[in-house]
Chemist: 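If you scroll down you'll find the structure; I have some questions about it.
Just so you know, residue 1 is the first one in the sequence shown, and it goes up from there. Everything numeric here is computed off the predicted structure, so don't read it as measured data. Note that ligands are numbered from 1 as they come in the structure, with each ligand's atoms numbered from 1 the same way.
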Amino acid sequence: MIIIGATSGIGAALARQAYSKGYIVGGTGRRIDRLKQLREDLGEDFYFREMDVVQQEKAIEQLHSLIEEMGGMDIIVINSGIANYPASSVTSMEQEIIDVNVSGFVRIFGEAFQYFRKQGHGHIVGVSSIAGLFGAARNAPYSASKAFISTYMQGYRNRCYHSKYDITITDVKPGFVESEMTEGKKGMFWVAATNKAVHQMLIDIEKKKKISYITRRWRFIAWLIKLAPNWLIERI
Ligand SMILES: NC(=O)c1ccc[n+]([C@@H]2O[C@H](COP(=O)([O-])OP(=O)(O)OC[C@H]3O[C@@H](n4cnc5c(N)ncnc54)[C@H](OP(=O)(O)O)[C@@H]3O)[C@@H](O)[C@H]2O)c1
């Protein structure tokens, strides 16, 4: 299993849980010290590459060299994402979110898809968000980026169905989960412990679910959001 964005939060917890279940795990991220620490904590079946998904061509080279070192890839989890980014202007902050959450995602996804097509099978897991189900007043680019990747994955899942490709695509939609992304943020509820959310996520990956709500109770919120009238959505 290769995890793009394994240096903290959901990705790091997934690396640890998958490793302890016997997976050969590959992790990436920009913070190489965190990856080295994981290798030290886990062992030699944890492989890693420093990777910034914004530097797309380099990221693809690093992905292929990681696959080669691991002797293949059956599952890729594209977990990398940002919500807030320190930048001098709102516009550049929005661009950073699009660069990482949309452009970076699409480039890695496309490469993994081609790899699995040649291989004849594979499983792509993308981490979107409940925030992708509506336009969040406090973070429009973030929720739009997550809506994009959910619709994108749905389109590819439908393509696999029509083309009879043996490629599973799982859209993981977290609610609020403890991580560096949510640290110190106000206005959150039902904030799940990272390990609990990731435990459920791994079960759903193994079940090859199309959509995974972590934690499960967020399925109810998703359902409410889909039914809610516009006047109510405006007040969220
Ligand atoms: N926590 C929540 O409540 C929540 C809710 C809904 C969705 N999510 C989604 O869950 C995913 C994981 O987030 P998290 O909560 O675990 O936050 P986190 O602790 O901040 O983790 C984000 C991960 O993304 C990686 N990343 C960020 N920018 C990157 C870049 N340019 N290139 C490569 N990797 C990059 C980070 O690695 P480096 O910084 O080392 O590069 C890190 O491993 C994200 O996609 C997030 O949008 C989280």
Side-chain angles (χ1 to χ4, degrees), residues 2-17 25-38 48-60 62-63 66 76-87 93 95-109 125-134 136 138-139 141-150 152-153 170-198 200-201 211-215 217-218 221-222 225:
I2 289 184
I3 304 163
I4 306 297
T7 50
S8 60
I10 294 170
L14 180 63
R16 288 179 189 278
Q17 288 191 26
V25 179
T28 77
R30 292 164 302 176
R31 290 170 290 179
I32 189 78
D33 52 315
R34 302 282 188 101
L35 296 168
K36 285 182 179 161
Q37 188 61 53
L38 274 173
F48 61 91
R49 285 292 179 283
E50 187 177 359
M51 182 192 289
D52 181 346
V53 296
V54 173
Q55 292 175 24
Q56 295 187 14
E57 296 319 311
K58 204 170 164 201
I60 294 307
Q62 287 154 333
L63 174 64
L66 182 59
I76 186 167
V77 181
I78 313 174
N79 168 71
S80 47
I82 56 169
N84 293 319
Y85 207 79
M93 182 197 97
Q95 191 57 52
E96 292 284 357
I97 290 174
I98 293 163
D99 289 346
V100 176
N101 297 9
V102 178
S103 307
F105 183 96
V106 164
R107 190 70 179 88
I108 299 281
F109 186 103
V125 180
V127 181
S128 66
S129 176
I130 291 289
L133 298 173
F134 66 106
R138 288 193 202 127
N139 205 337
Y142 179 75
S143 56
S145 73
K146 295 300 184 176
F148 177 94
I149 64 170
S150 283
Y152 182 84
M153 284 190 276
T170 301
D171 179 356
V172 177
K173 294 177 185 293
F176 292 122
V177 179
E178 279 173 5
S179 75
E180 290 181 12
M181 187 178 277
T182 50
E183 209 174 296
K185 289 230 170 97
K186 295 201 164 58
M188 296 188 299
F189 61 100
W190 287 356
V191 183
T194 325
N195 272 328
K196 182 180 176 186
V198 168
Q200 293 185 6
M201 176 177 171
I211 312 275
S212 162
Y213 294 97
I214 57 166
T215 51
R217 51 178 27 181
W218 283 90
I221 297 288
I225 291 170

Chemist: Can you check which of Asp99, Asp52, Ile3 brings a heavy atom nearest to atom 30 (C) of ligand 1?
Modeler: Asp52

Chemist: Provide, to 0.1 Å, the distance between atom 14 (P) of ligand 1 and the closest protein heavy atom, together with that atom's residue and name.
Modeler: Ser179 OG, 3.4 Å

Chemist: Using a plain distance cutoff, I'd like to know if Ser129 has any nitrogen or oxygen under 3.5 Å from a nitrogen or oxygen of ligand 1.
Modeler: no

Chemist: Ignoring hydrogens and geometry, is there a side-chain-to-backbone donor-acceptor pair from Ser179 to Ile10 under 3.5 Å?
Modeler: no

Chemist: At a non-hydrogen distance cut-off of under 4.0 Å, which region of Thr7 contacts ligand 1 (side chain, backbone, both, or neither)?
Modeler: both

Chemist: Would you indicate which of Gln55, Met181, Lys185, Met51 comes nearest to atom 48 (C) of ligand 1 when only heavy atoms are counted?
Modeler: Met181

Chemist: Looking only at protein heavy atoms, which one is nearest to atom 19 (O) of ligand 1, and how far off is it?
Modeler: Ser8 OG, 2.7 Å

Chemist: So, does Asp99 use its side chain to make a donor-acceptor pair with the main chain of Gly104 at under 3.5 Å?
Modeler: no

Chemist: Nearest heavy atom to atom 7 (C) of ligand 1: which of Gly126, Ser128, Ala12 does it belong to?
Modeler: Ser128

Chemist: With atoms numbered from 1 as shown, which atoms in ligand 1 lie under 4.0 angstrom from a non-hydrogen atom of Arg31?
Modeler: 36 (C), 37 (O), 38 (P), 39 (O), 40 (O), 42 (C)

Chemist: Between Val53 and ligand 1, does any nitrogen or oxygen pair lie at a separation below 3.5 Å?
Modeler: yes

Chemist: My understanding is that only residues two or more places apart in sequence, or in another chain, count here; which of them pass ring pair (Phe, Tyr, Trp, His ring centres under 6.0 Å) with Phe148?
Modeler: Tyr152

Chemist: I need the nearest protein heavy-atom contact for atom 12 (C) of ligand 1: residue, atom name and distance, please.
Modeler: Asn79 OD1, 3.1 Å

Chemist: Has Arg31 got more than 12 heavy atoms of other residues, nucleotides or ligands less than 6.0 Å from its CZ?
Modeler: yes

Chemist: To the nearest 0.5 Å, how far apart are CG in Leu14 and CD1 in Ile3?
Modeler: 4.0 Å

Chemist: Tell me which part of Ala6 gets within contact of ligand 1: side chain, backbone, both or neither, using heavy atoms under 4.0 Å.
Modeler: backbone

Chemist: Taking C-beta and beyond as the side chain, do Gln56 and Ile60 meet within less than 4.5 Å on heavy atoms?
Modeler: no

Chemist: Counting heavy atoms only, which of Ala15, Ser80, Gly175 is nearest atom 26 (N) of ligand 1?
Modeler: Ser80

Chemist: Below 4.0 angstrom from a heavy atom of Phe176, which ligand 1 atoms are there? Numbered from 1 as shown, please.
Modeler: 3 (O)

Chemist: Among protein heavy atoms, which sits nearest to atom 41 (O) of ligand 1, and what does the distance come to when rounded to 0.1 Å?
Modeler: Arg30 NE, 2.6 Å

Chemist: How far apart are the closest heavy atoms of Ala15 and Leu38, and which atoms are they?
Modeler: CB-CD1, 4.3 Å

Chemist: Does Glu183 have any side-chain contact (heavy atoms from CB on, under 4.5 Å) partners at least two apart in sequence or in another chain, and if so, which?
Modeler: Glu180

Chemist: How close do Ser150 and Asp171 get, counting heavy atoms only, and between which atoms?
Modeler: OG-OD2, 2.8 Å

Chemist: Checking a contact table here: which protein heavy atom is nearest atom 16 (O) of ligand 1, and how many Å away?
Modeler: Ile10 N, 2.8 Å

Chemist: How far apart are the closest heavy atoms of Ile225 and Leu133, and which atoms are they?
Modeler: CG2-O, 3.7 Å

Chemist: Could you tell me, atom by atom, which parts of ligand 1 come under 4.0 Å of a heavy atom of Glu180?
Modeler: 19 (O)

Chemist: Give the atoms of ligand 1, by number and element, whose distance to some non-hydrogen atom of Gly9 is under 4.0 Å.
Modeler: 16 (O), 19 (O)

Chemist: I'd like to check which ligand 1 atoms, numbered from 1 as shown, lie under 4.0 Å from a non-hydrogen atom of Thr182.
Modeler: 1 (N), 2 (C), 3 (O)

Chemist: For ligand 1, indicate whether the residue Ala131 contacts it via side chain, backbone, both or neither (heavy-atom separation under 4.0 Å).
Modeler: neither

Chemist: Do other residues, nucleotides or ligands put more than 12 heavy atoms under 6.0 Å from the NZ atom of Lys36?
Modeler: no

Chemist: Any idea which protein heavy atom is nearest atom 22 (C) of ligand 1, and the distance to it?
Modeler: Gly81 O, 3.7 Å

Chemist: Mind listing the closest non-hydrogen atom pair of Ala193 and Glu178 along with its distance?
Modeler: CA-OE1, 3.8 Å

Chemist: Over all heavy atoms of both residues, which pair between Gln200 and Thr215 is shortest? Give the atoms and the distance, please.
Modeler: OE1-CA, 3.2 Å

Chemist: Is Lys146 near ligand 1, meaning one of its heavy atoms is under 4.0 Å from it?
Modeler: yes

Chemist: Where is the nearest protein heavy atom to atom 10 (O) of ligand 1: which residue, which atom, and how far?
Modeler: Val127 CG1, 3.3 Å

Chemist: Which heavy atom in Phe105 sits nearest to a heavy atom in Val127, and how many Å separate them?
Modeler: CE1-N, 4.4 Å

Chemist: Under 4.0 Å, heavy-atom basis, I'd like to know which part of Val177 is in contact with ligand 1: side chain, backbone, both or neither.
Modeler: both

Chemist: Answer yes or no: is there a side-chain heavy-atom contact under 4.5 Å between Lys146 and Lys173?
Modeler: no

Chemist: Out of Phe105, Trp218, Tyr142, who is nearest to atom 47 (O) of ligand 1 when you count heavy atoms only?
Modeler: Tyr142

Chemist: Below the 3.5 angstrom mark, is there an N/O of Ile82, backbone or side chain, next to an N/O of ligand 1?
Modeler: no

Chemist: Which atoms from ligand 1 have a heavy atom of Gly5 less than 4.0 Å away?
Modeler: 25 (C), 43 (O)

